[in-house]
Amino acid sequence: MRTVKLLINGQLVNGHKNIDVINPATGKAFMQIPVASEAQALEAVVAAKAAFPGWAATKIEDRQAMLRKLADRLQENAEEFAKVLVLEQGKPLAEATAEVLYAETFLRYFAAFNSSMETIQDDDEMQVEVYRKPLGVVVGIAPWNLPLLIGANKLGPALVTGNTIILKPAPTTSVTSLMLGELAKNIFPAGVINIIADENDLGPILSSHPDVAKVSFTGSTVTGRKVAQTAASSLKRLTLELGGNDAGIVLDDVDVSKIAERIFAGAFMNCGQVCIALKRLYVHENQYDEMCDALANIANNTKVGDGLDNGVKIGPLQNFMQFEKAQKYLGIAARDGKVIAGGAVLDRQGYFIQPTIVRDIDDSSPLVSEEQFAPILPIIKYRDVNDVIKRANNSEYGLGGSVWSSDVIRAKEVASQISTGTVWINHHLHFGPHIPFAGAKQSGLGVEFSKEGISEFTQCSVISVAK
Ligand code: NAD
């Protein structure tokens with residue numbers, strides 16, 4: 001197996017020690033990575049601060065070209081990235097390949113962004129111009145479910161707008177991010193991109209550092225609140241993309257056979273470990289039995305296993321802690337509902353559980369009210385649409401949600417009453433670089449992607465001329 005290094009101030013360096021990286025399909029280490037010391041994390045901040053004036057003054061066309069080059073290198077190395085992503089994260093190869101492609105596509109979209117000046121008033125009275133200036137040093141902190149894509153989504157907007165960055169992936173999934181650092185080293189000036197791995201200890205050091213102007217954080221709501229606290233003392237700009245408990249509402253006019261596969265995909269992609277996965281499904285009583293049976297049938301026919309094996313659709317949970325959490329929810333499923341597919345741990349090494357469908361369960365169960373982040377879908381019966389809208393909204397989270405109907409106008413009427421950042425109609429878990437992505441309530445702060453999201457990496461600055 002290859003080795004990887006940290007990228008600090010344009011140099012690929014060792015850490016203060018090495019740690020094992022576990023392949024969740026075996027529960028055993030497949031390689032080691034270096035982790036940075038606190039001193040190295042501080043060194044990365046110093047490097048990013050020193051590189052900032054030069055990078056901010058670099059022509060936008062040159063910054064864009066470098067980002068495009070990074071996307072090119074990623075494309076050339078896509079096969080290796082996808083295989084390593086399977087080993088470190090667990091997802092099936094097809095999903096890993098898609099994540100690498102998405103990372104490349106998102107980088108290209110960000111590279112096309114141009115934050116040039118906008119004249120918003122020019123008349124006899126006044127000329128008003130709006131400029132978008134970089135903020136300074138950005139810290140990007142990522143979770144373990146989509147490590148490469150989420151890392152790329154922090155690098156791209158930060159760099160194209162003229163900021164420098166320190167990226168810190170999650171401790172269990174740092175390999176592909178460090179590989180991206182190897183590619184970046186030969187493209188960007190020293191200090192512009194720094195990528196370090198840790199043992200879950202360096203996040204607070206980075207997010208509280210007085211020389212950091214912005215933190216772009218993706219992870220759990222609990223950690224997001226801590227980041228907001230540490231960032232408060234110097235009023236850092238913040239983007240927080242946090243947890244979710246997306247509800248799907250199936251109206252009484254659907255053709256179950258047409259939508260069951262799509263619902264299943266929305267819930268079980270990446271082994272259910274997606275912030276915007278469908279995590280609780282409300283189905284009208286007229287179609288409840290049919291939908292439960294259809295989803296149980298798909299679950300029973302879905303191949304679970306090592307992501308590198310042919311035909312595997314669902315891999316393991318990403319890490320042992322999450323595996324234990326998923327088992328707790330399996331116990332809750334059996335206690336609070338009726339398990340009609342799956343329900344057990346796979347009798348093999350690695351962190352596997354069967355895709356699980358649970359019926360006859362209600363909103364009071366933690367399997368419904370909490371973010372389980374596991375391949376377990378509770379299906380809840382409802383009778384009245386207004387009541388189910390209230391129940392879908394009765395959550396501290398507000399990331400995504402979906403409405404399923406053969407009548408789009410009716411579905412839109414329901415969707416408009418769902419208090420989340422995104423509502424999909426007749427699909428779930430779709431996102432793109434041009435589409436704003438925002439969490440409502442405790443699911444986040446600010447926007448990612450699109451012009452709006454990229455602008456969050458800039459300071460709005462107005463020059464107003466009296467005539
Ligand atoms: P986590 O919050 O435990 O960790 C996320 C990152 O924060 C890791 O890199 C970790 O090392 C770092 N960290 C830990 N403590 C920190 C601190 N005090 N200060 C700064 N950084 C710190 O989350 P996780 O378990 O890795 O990921 C799962 C969670 O992420 C789920 O809740 C999921 O919904 C959420 N998520 C949200 C989105 C989104 O876009 N909304 C996307 C993916 C995942």
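The shown structure was predicted, so the numbers you read here are calculated from the model rather than taken from an experiment. Values below: all heavy atoms of this structure, side chains included; hydrogens, waters and symmetry mates excluded. In this chain, numbering begins with 1 at the start of the sequence shown. Counting starts at 1 for both ligands and their atoms, in listed order.
- Neither the backbone nor the side chain of Q273 comes within contact range of ligand 1; no heavy atom lies under 4.0 Å.
- Contact annotation: T221 has no heavy atom less than 4.0 Å from any atom of ligand 1.
- Among the atoms of F217, none of the N or O lies under 3.5 angstrom from an N or O of ligand 1.
- For the residue pair T161 and P134, the shortest heavy atom distance occurs at O-CB, 3.2 Å.
- Proximity of L399 to ligand 1, defined as any heavy-atom pair under 4.0 Å, is confined to the side chain (atoms from C-beta onward).
- Between E448 and K154 a salt bridge is recorded (basic side-chain N to carboxylate O distance below 4.0 Å).
- By the 3.5 Å distance cut-off applied to N or O atoms, K279 is not counted among the residues near ligand 1.
- When each atom of ligand 1 is checked for a heavy atom of P169 under 4.0 Å away, the hits are 9 (O).
- Ring-plane geometry between W424 and H427 is classed as perpendicular, the angle between the planes exceeding 60 degrees on a 0 to 90 degree scale with a lower cut at 30.
- For P171, every heavy-atom contact with ligand 1 shorter than 4.0 Å involves the side chain, none the backbone.
- Geometric assessment of K214 against the ring of F457 yields a positive cation-pi assignment under the 6.0 Å and 45° thresholds.
- P143 CB, 3.3 Å is the protein heavy atom nearest to atom 27 (O) of ligand 1.
- Atoms of ligand 1 found under 4.0 Å from any heavy atom of I150 (numbered from 1 in listed order, with element): 42 (C), 43 (C).
- The closest non-hydrogen atom to atom 35 (C) of ligand 1, taken over G219, G244, A228, comes from G219.
- By the side-chain hydrogen bond (donor to acceptor under 3.5 Å, both in side chains) test, S234 pairs with K236, sequence neighbours left out.
- In summary, the side chains of S402 and H428 do present a donor paired with an acceptor at a separation below 3.5 Å, with no hydrogens or angles considered.
- F449 and F106 have perpendicular rings, their planes meeting at more than 60° on a 0 to 90° scale where under 30° would count as parallel.
- In this structure, atom 36 (N) of ligand 1 lies nearest to the protein heavy atom C275 CB, 3.6 Å.
- Atoms of ligand 1 found under 4.0 Å from any heavy atom of N145, numbered from 1 in the order shown, are 43 (C), 44 (C).
- Here the heavy atom of the protein found nearest to atom 19 (N) of ligand 1 is P204 N, 3.5 Å.
- We find that R237 and E456 are not joined by a salt bridge, their nearest charged nitrogen and carboxylate oxygen being 4.0 Å or further apart.
- For Y282 and W404, the ring centers are positioned 6.0 Å apart or more.
- In terms of protein heavy-atom proximity, atom 8 (C) of ligand 1 is nearest to A142 O, 3.4 Å.
- Listed by atom number, the atoms of ligand 1 under 4.0 Å from V227 heavy atoms are 19 (N), 20 (C).
- Residue D198 has no nitrogen or oxygen atom sitting less than 3.5 Å from a nitrogen or oxygen atom of ligand 1, judged on distance alone.
- Residue contacts with ligand 1 for T230 are absent, since no atom lies close enough (heavy atoms, distance under 4.0 Å).
- If you check the side chains of Q372 and R280, you find no donor sitting under 3.5 Å from an acceptor.
- Close approach of ligand 1 to G203 (heavy-atom distance below 4.0 Å) involves ligand atoms 19 (N), 20 (C), 21 (N).
- In this comparison of L149, T223, T173, the heavy atom closest to atom 15 (N) of ligand 1 sits on T223.
- A donor-acceptor contact under 3.5 angstrom links the side chains of E370 and Y329, judged on distance only.
- At least one donor-acceptor pair under 3.5 Å links the side chain of Q273 to the backbone N or O of N270.
- Remark: minimum distance from atom 32 (O) of ligand 1 to any protein heavy atom is reached at E371 OE1, 2.8 Å.
- Between W144 and ligand 1, at least one N/O pair is under 3.5 Å apart.
- Residue-ligand proximity, A170 to ligand 1, at heavy-atom distances under 4.0 Å covers atoms 9 (O).
- Distances from atom 2 (O) of ligand 1 to the protein include at least one heavy-atom value under 4.0 Å.
- Under 4.0 Å is where a charged nitrogen must lie from a carboxylate oxygen, and between K328 and E324 no such pair does.
- Proximity of V222 to ligand 1, defined as any heavy-atom pair under 4.0 Å, is not found for any part of the residue.
- In this structure, F437 and F431 have tilted ring planes: the angle between them lies in the 30° to 60° band.
- Between K168 and ligand 1, a contact under 3.5 Å exists for at least one N or O pair.
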